[in-house]
Amino acid sequence: MEYNHKEVEKKWQDYWEKNNSYLTKEDSKNPKFYVLDMFPYPSGEGLHVGHPKGYVATDIIARVKRAQGFNVLHPMGWDAFGLPAENYAIKTGVHPEIITEKNVSNIKRQMKMIGLSYDWSREINTTDPEYYKWTQWIFLKLYENGLAYKKLLPINWCPSCKTGLANEEVVDGKCERCGTETTKKDIEQWVLKITAYADKLLEGLNDIDWPEKIKEMQKNWIGRSEGWEIKFSINDTKEVSVFTTRIDTLFGCTYLVLAPEHPLVNELQIENKEEVLEYINKAKNKSERERISEVKDKTGVELKGVKVINPINGKEIKAYVADYVLFNYGTGAVMAVPAHDERDFDFANKYELEIIEVIKGENKKEGEVFIEDGVLFNSFDFDNLTSEEGREKIGEYLKKQGKAEKKVNYKLRDWVFSRQRYWGEPIPIIHCSKCGMVTVPENELPLKLPYVEKYQPTGTGESPLAAISDWVNVKCPKCGGDAKRETNTMPQWAGSCWYYLRFLDNKNKEEIFNKEIEKKWMPVDLYVGGAEHAVLHLLYSRFWHKFMYDIGVVSTKEPFYKLRNIGLILAPDGQKMSKSKGNVISPDVIVDEFGADTLRAYEMFMGPFDQAIQWNEQGVKGVNRFLSKAWDIIVSCKDNKTSSTEVIAMVHKLNKKVSDDLSKMKFNTPIAFFMEFFNSISEKKDEFGKDEIERVLKLLSPFTPHLCEELWSVLGNKNSILLEKWPEEDLSLIKEEKVMMIVQVDGKVRERIEIEIDTPKEEVQKIVLSNERLKKWIEGKEIKEVFFVENKLINICVA
RNA sequence: GCCGAGGUGGCGGAACUGGCAGACGCGUAUGCCUUAGGAGCAUAUGCCGUAAGGUGUGAGGGUUCAAAUCCCUCCCUCGGCACCA
């Protein structure tokens, strides 16, 4: 009986489909388990072998949990708005909607081909008006709660995609999507006030089981720092505020620096105004990359004739404009303490500015800047205080005079939320000349994306929607007068901010989802996806979720309780798989040649789940060999009635190891255990009986469901193996009577002996000392000490 | 520079709470089978050594009867952040 993967896999996939085997029951009384994959963008290339790795892992978990009696929710959907479909549409003239549909059906075919156990009745698509209706609804809630506002501000602009971008979408000064260098552009933008949730987003990290790496990335991105805001007087008439975390170094402040964009520069009387304006202009025209690459070389211009007073000692100091000070952090102005800050030190050296040391410490090295905390000196009444005390005392001292205030600053910026592109959710806002901004009434949602012939981005800062006059021109819902629709669309991240919630109740027409259902299923128990979304999707969706929690829409503070990252599958050449490099391996090819079960088992066996590993065709063959070996063995044993006690012990041991490792999200070692098991059982085929065969099949079935279903029926079972309970090992059957004991002399392994289990130390020692082979090492020497670990090891020290 | 993860055979990787390092797979070698093999099966396989034995988990030191595992110093690789005051 040869295993024919094509026939068998088709047979069972049809069976599962016909029997609705993976439907989640809403009325189940069993405890819930929500296991979710990051839903894909339905690209035209379909899946490559890297994509299923995460899907297979969650599929295994879902199958085990079902067998363990959980009511499992395991859905899948499509994150289908975004640039690729739109760009393709521009090139070919085929509407993005049609392309999306085509791509979805291809990827769905691939997912079914791999045997993934999704509940397809819950499928969602972010471009479906019945879905984005609620994305727009959430936007309106954000707007009503003052968390969405429109503002003119210099934003990151991608000249190739012709749209504004969020900070999170600019990587190394380049557009995250297309790699083009971004520029700055002043456009009126919709912005979401994610900064209002900075502290909540930080605190929430303590309550969730996420990889440390992702938590750290989010913490750094939010970048909370505590310090003081201090007012310096300028020219006796004006004031400028600076933010500092090191108010303890205030006596060492020898100049003040304004960012080029600082508005005060225009207001001040400056003797060398022309020179200053020229510098500012040059700084503004620098691209993000130029600015980054010039970090070492700090430039600036003195504001001549401007007098600044250090509030702590009344000392007059100079003022500069320099682009090493960022306008969008803190107050856009900085007090410079060259003795205790590297940047200020570099700048002061270049422009020969005064350097006054005010902090001393043990680690201070000659000729280097001392940036650590230490003890204050040159600081009058505050001398001999520690930095920490100094901060408190100096801060409070200035606070009493109204010159300083405690302040918390964040690196996190508000989320630039509008895109000047076609293929996204329309923002449901109407601009009325009388009433100002008016929301589209909820009962008019969804505000459908109009069908257009031309999707080309305009590059003018307006979206293509602006050209559709019969869509743009509307009556104001408030006053009935002439008004215009907002023509910007939402970014591609909008739909993915809340999709995990719509799976719970995806056909609900009345509300975003039923509250009771939400309470029952949330939070997501296990969320699996790539780490590249650390400060994009994973931050944005936490923000929306926390907002929805605050307005009573959801019942949990966090959306995803446990997160695990997938390690990439690299091409055999060690590079990332990509169409342009021509190194993509399609699952279609692997499944055709070896079958879905081989693909699944190999992807799990490759190595640790969260680690990047190269694809190796030989490895696929190895796993395939193992599966046919397992098939042959079980087929040849199918009529065996009972097992030997030894085989029973082996099977229960296997059971324990597989269960233990799966609970730790380890998938490579269980496969290895199965291989080991079948290697040993091949010599004991006669002792491998029905009950044990069935137990092994139940354990293996989450990994290779088709093969196991088939063998299950070969054994004469009429029902699907999916209905079987996950087996629990019986530890009493594993207990062995004899064990191998390691015998060491002076810590070196010299012999191994078989003894009765639980033999006491004295007896083992007696056996060991009479052992012929060990005499060589012990004879004539004095035994100093004997260490004994029960059932494991005895170490005789003679040295 | 800062943060995070990691460094084990020719390769991917195992190793519980400190207790046989190298499970499992790939590759390689030899043999069998075959008209043939980039198929299948069997055996071997960390390194040095004919062997006894020695040696070995990035480097060096330490703790311990015993260290891949714990501690200290350093090096390297990958990922992220990066003028954030």
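Values in this document were obtained by computation on a predicted structure and should not be read as measured data. Below, chains carry the letters A, B, ... as their sequence lines are ordered, and counting in each starts from 1.
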**Prompt:** Are A/S225 and B/rA85 close enough that a side-chain N or O sits under 4.0 Å from OP1 or OP2?
**Reply:** yes
**Message:** Starting the side chain at C-beta, find the nucleotide from B/rC20, B/rG12, B/rA85 nearest to A/L326.
**Reply:** B/rA85
**Asked** Has A/R752 got a side-chain N or O lying under 4.0 Å from the OP1 or OP2 atom of B/rG19?
**Response** no
**Asked** For A/F787 and B/rC65, do the ring centres fall under 5.5 Å apart while the planes stay under 30° apart?
**Response** yes
**Prompt:** In Å, rounded to the nearest 0.5 Å, how long is the span from OH of A/Y602 to CD of A/E617?
**Reply:** 9.0 Å
**Fill in**
When rounded to whole Å, the CG to P distance for the pair A/N220 and B/rA5 reads 13 Å
**Item:** Whole-Å gap separating P (B/rC81) and NZ (A/K174)
**Value:** 13 Å
**Asked** Would you say a side-chain N or O of A/Y329 is under 4.0 Å from OP1 or OP2 of B/rA85?
**Response** yes
**Prompt:** Cut-off 3.5 Å, side chains only: do A/T299 and A/Y320 have a donor facing an acceptor?
**Reply:** no
**Prompt:** Is the phosphate of B/rC65, meaning OP1 or OP2, less than 4.0 Å from a side-chain N or O of A/Q744?
**Reply:** no
**Message:** Heavy atoms only, 4.0 Å cut-off, all strands: where does A/N795 land among base, sugar-phosphate and nothing?
**Reply:** base
**Message:** Using whole Å, what does the distance between atom P of nucleotide B/rC24 and atom CZ of A/F678 come to?
**Reply:** 15 Å
**Asked** Is a side-chain donor or acceptor of A/S659 paired with a backbone partner of A/K656 at a separation under 3.5 angstrom?
**Response** no
**Request:** Hunt down any stem RNA chain B takes part in, defined as 3 or more consecutive Watson-Crick or G-U pairs whose two distances are each under 3.5 Å.
**Result:** B:1-7 with B:75-81, B:10-12 with B:24-26, B:27-32 with B:40-45, B:46-48 with B:53-55, B:58-62 with B:70-74
**Request:** Would you kindly say whether A/D414 and A/T195 are connected by a side-chain donor-acceptor distance under 3.5 Å?
**Result:** yes
**Asked** For the pair made of CD1 in A/I371 and P in B/rC83, what is the distance, rounded to whole Å?
**Response** 15 Å
**Asked** Which part of the nucleic acid, if any, lies within reach of A/N668 when heavy atoms closer than 4.0 Å are counted: base, sugar-phosphate only, or nothing?
**Response** sugar-phosphate
**Asked** Ring centres of A/F626 and A/F605 under 6.0 Å apart?
**Response** no
**Euclidean distance, atom CD of residue A/Q614 to atom P of B/rC78 [Å, nearest integer]** = 14 Å
**Fill in**
Closest of B/rC26, B/rG19, B/rA85 to the A/Q618 side chain is B/rC26
**Asked** Going by a 90° cut-off around 0, is B/rG54 syn or anti?
**Response** anti
**Request:** May I ask you to verify if any side-chain N or O of A/R625 is less than 4.0 angstrom from the OP1 or OP2 atom of B/rG40?
**Result:** yes
**Request:** Mind telling me whether A/Y3 and A/W631 have parallel, tilted or perpendicular rings, with 30° and 60° as the class edges?
**Result:** tilted
**Fill in**
In terms of heavy-atom contacts, A/A612 and A/L570 come closest through CB-CD1, 4.4 Å
**Request:** Write down the distance between CD (A/Q611) and C1' (B/rG7), rounded to a whole number of angstrom.
**Result:** 11 Å
**Request:** Report yes if at least one side-chain N or O of A/K666 is closer than 4.0 Å to OP1 or OP2 of B/rA15; otherwise report no.
**Result:** yes
